[in-house]
Protein chains: 2
Amino acid sequence: MMDNFENVNSRRTRPAKPPLGLDIIIRTAYKLLSENGMSGMSMRKVAKSLDTGPASLYVYVENYQKLSAYVLDYGLRDVKLVEDDTVYWKDAIINVLKSYFKVLAETPGLAELALTTSPNGTNSMDINECLLKYLQAGGISTRSAAWGIDILLLYVSSLSFERVLRNKKDDDLDDLVALYNTVDVSKYPMISKLKSELFSGDGGERFSWGIEVILQGLLSMQNN
Amino acid sequence: MMDNFENVNSRRTRPAKPPLGLDIIIRTAYKLLSENGMSGMSMRKVAKSLDTGPASLYVYVENYQKLSAYVLDYGLRDVKLVEDDTVYWKDAIINVLKSYFKVLAETPGLAELALTTSPNGTNSMDINECLLKYLQAGGISTRSAAWGIDILLLYVSSLSFERVLRNKKDDDLDDLVALYNTVDVSKYPMISKLKSELFSGDGGERFSWGIEVILQGLLSMQNN
DNA sequence: ACCTGAACACCGTTCAAGT
DNA sequence: ACCTGAACACCGTTCAAGT
């Protein structure tokens with residue numbers, strides 16, 4: 001029954017070629033992304049990985065950008081949502097965002113994708129729904145909640161993107177540190193003074209700090 | 001004297017070829033970017049535009065990413081800083097960020113560059129120095145100021161990137177709106193309720209709202 | 001309808017040879 | 001040291017021909 005595609009007395013010489021379809025294309029693209037980062041995922045590589053030509057993909061995916069949006073959403077499937085209604089709203093939000101951060105930071109390329117692509121699928125909708133629920137539970141107004149999830153997710157995405165850069169060889173950041181270290185004290189008094197703070201924060205500390213800033217800011221908008 | 005490269009009785013048939021150098025490379029790349037967006041700028045196109053082969057650029061620029069960092073900083077040269085010490089600190093910050101937003105939104109590709117590249121140059125340092133100064137003037141702590149400029153610039157960059165997407169044909173956003181409009185009310189009660197808010201905001205309104213949120217949040221961290 | 005190799009019009013980067 | 005054409009190893013997307 002599983003050997004539909006082989007003749008009766010088959011002795012496989014290579015794995016059965018799976019039939020093409022949107023799902024398998026997304027999963028294959030995600031696998032390439034998570035193994036080799038952003039540059040590991042391309043239409044051609046996905047096609048090759050599925051043992052076909054690049055043109056075949058266009059039956060199921062309009063273009064590379066659309067595929068990226070699907071892959072991003074697929075990558076977000078592991079984000080753990082909080083379902084417990086008795087959890088304090090702030091803790092719930094922090095837990096969801098921590099999981100979001102972890103997923104982005106663990107999968108090479110996913111953070112970069114999150115910064116430049118709008119995810120297309122139900123996983124991102126589940127995350128939005130969950131965050132909206134707890135923001136409203138915290139007494140944050142409709143509009144603040146709607147716009148607030150964007151800031152929260154943006155902030156966390158960029159933190160994890162930075163983290164990913166830091167973990168690579170990262171010539172760019174070295175350049176930036178060098179630039180800031182050779183700075184003219186009289187021309188840039190503030191930067192000189194705060195030099196260490198500008199690149200400080202072990203990630204965890206800065207993560208919590210930023211979420212707190214945004215949530216406090218949202219709360220303060222209640223009366224506007 | 002200017003005709004060094006021509007024979008004595010020259011009658012130019014095409015403009016004198018400018019000597020190569022980092023500056024002219026950056027300016028040429030920026031020109032291509034601002035005329036044709038992100039995809040209009042490439043090593044090969046810059047080289048062709050300078051009437052040479054792509055290999056020539058590598059004498060002055062290590063790679064494409066470094067060039068991007070230079071171009072981004074160069075693009076920020078038009079951001080108007082506030083020098084007046086009598087301006088209220090919040091107004092100063094809002095004015096600088098408004099100018100930053102305008103510059104990113106007006107130059108195709110620059111907003112996208114800002115989201116994925118750390119600028120390399122003095123223009124971005126001037127902006128940082130200026131924002132740090134006014135944040136401190138507002139009584140915001142050293143650490144909050146240092147980390148706060150990142151959030152502020154990130155927020156404004158992403159807003160202008162969204163704006164740029166919206167102004168293009170933008171299939172992606174249409175898909176997203178479609179997805180949110182066909183949403184199951186019982187599975188996504190919050191999203192259904194806030195649907196209109198999620199895509200609302202004429203830009204200006206949302207801009208001011210976000211800056212206010214972040215500044216209020218930063219202020220509330222003073223006692224931590 | 002689905003599948004595909006080949007072609008088209010590009011990329012960034014390096015090599016080898018020039019000056 | 002600076003410059004460069006050609007080559008290398010790739011891209012996304014479309015065409016034309018197959019089933």
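Chain naming here is simple, since letters A, B, ... match the order of the sequence lines and numbering starts at 1 in each.
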Check: B:V164 and B:P108 side chains under 4.5 Å, non-hydrogen atoms:
no

P atom, C:dA9 versus D:dC10: distance in rounded Å?
22 Å

Quick test of your reading: applying side-chain hydrogen bond (donor to acceptor under 3.5 Å, both in side chains), list the pairs with at least one residue in residues 73-82 of chain A, sequence neighbours left out, ordered by first then second residue.
A:D73-A:N123, A:D73-A:S124

With the threshold set at under 4.0 Å for non-hydrogen atoms, list the residues of residues 41-49 of chain B touching DNA chain C in residue-number order.
B:S42, B:M43, B:R44, B:K45

Please list, chain by chain and in numerical order, all residues satisfying salt bridge (Lys or Arg N to Asp or Glu O under 4.0 Å) with A:E35, sequence neighbours excluded.
none

Could you check if a side-chain atom of A:I127 sits within less than 4.5 angstrom of a side-chain atom of A:I149, using non-hydrogen atoms only?
no

For the pair made of CE in A:M38 and C1' in D:dC11, what is the distance, rounded to whole Å?
13 Å

Could you check whether any side-chain heavy atom of B:V79 comes within less than 4.5 Å of a side-chain heavy atom of B:L76, counting everything from C-beta outward?
yes

A:E197: what forms a salt bridge (Lys or Arg N to Asp or Glu O under 4.0 Å) with it, not counting sequence neighbours?
none

Can you name the residues that form a ring pair (Phe, Tyr, Trp, His ring centres under 6.0 Å) with A:Y58, not counting sequence neighbours?
none

Within the supplied structure, the quantity of interest is the number of heavy atoms (other residues, nucleotides, ligands) at a distance under 6.0 Å from A:K66 NZ; does it exceed 12?
yes

Sorted by chain and residue number, the ring pair (Phe, Tyr, Trp, His ring centres under 6.0 Å) partners of B:Y180 (sequence neighbours excluded) come out as B:F199

DNA chain C-proximal residues of residues 20-30 of chain A, any heavy atom under 4.0 Å
A:L20

Return the minimal non-hydrogen interatomic distance between B:Q65 and B:T117, and the atom names on each side.
O-CG2, 4.5 Å

Pairs touching residues 144-157 of chain B that satisfy side-chain hydrogen bond (donor to acceptor under 3.5 Å, both in side chains), sequence neighbours left out
A:R206-B:D150, B:Y100-B:S157, B:S141-B:S144

Pairs touching residues 117-132 of chain B that satisfy salt bridge (charged side-chain N to carboxylate O under 4.0 Å, His left out), sequence neighbours left out:
none

Would you list the pairs meeting ring pair (Phe, Tyr, Trp, His ring centres under 6.0 Å) in which at least one residue belongs to residues 102-126 of chain B, sequence neighbours left out?
none

Close approaches to DNA chain D from residues 54-73 of chain A, in residue order (heavy atom, under 4.0 Å)
A:P54, A:A55, A:Y58, A:N63, A:Y64

Phosphate oxygens OP1/OP2 of C:dT4: is one of them under 4.0 Å from a side-chain N or O of A:T52?
yes

Parsed dot-bracket for DNA chain C after applying the Watson-Crick and G-U rules with both distances under 3.5 Å and | for other-strand partners is ||.|||||...|||||.||

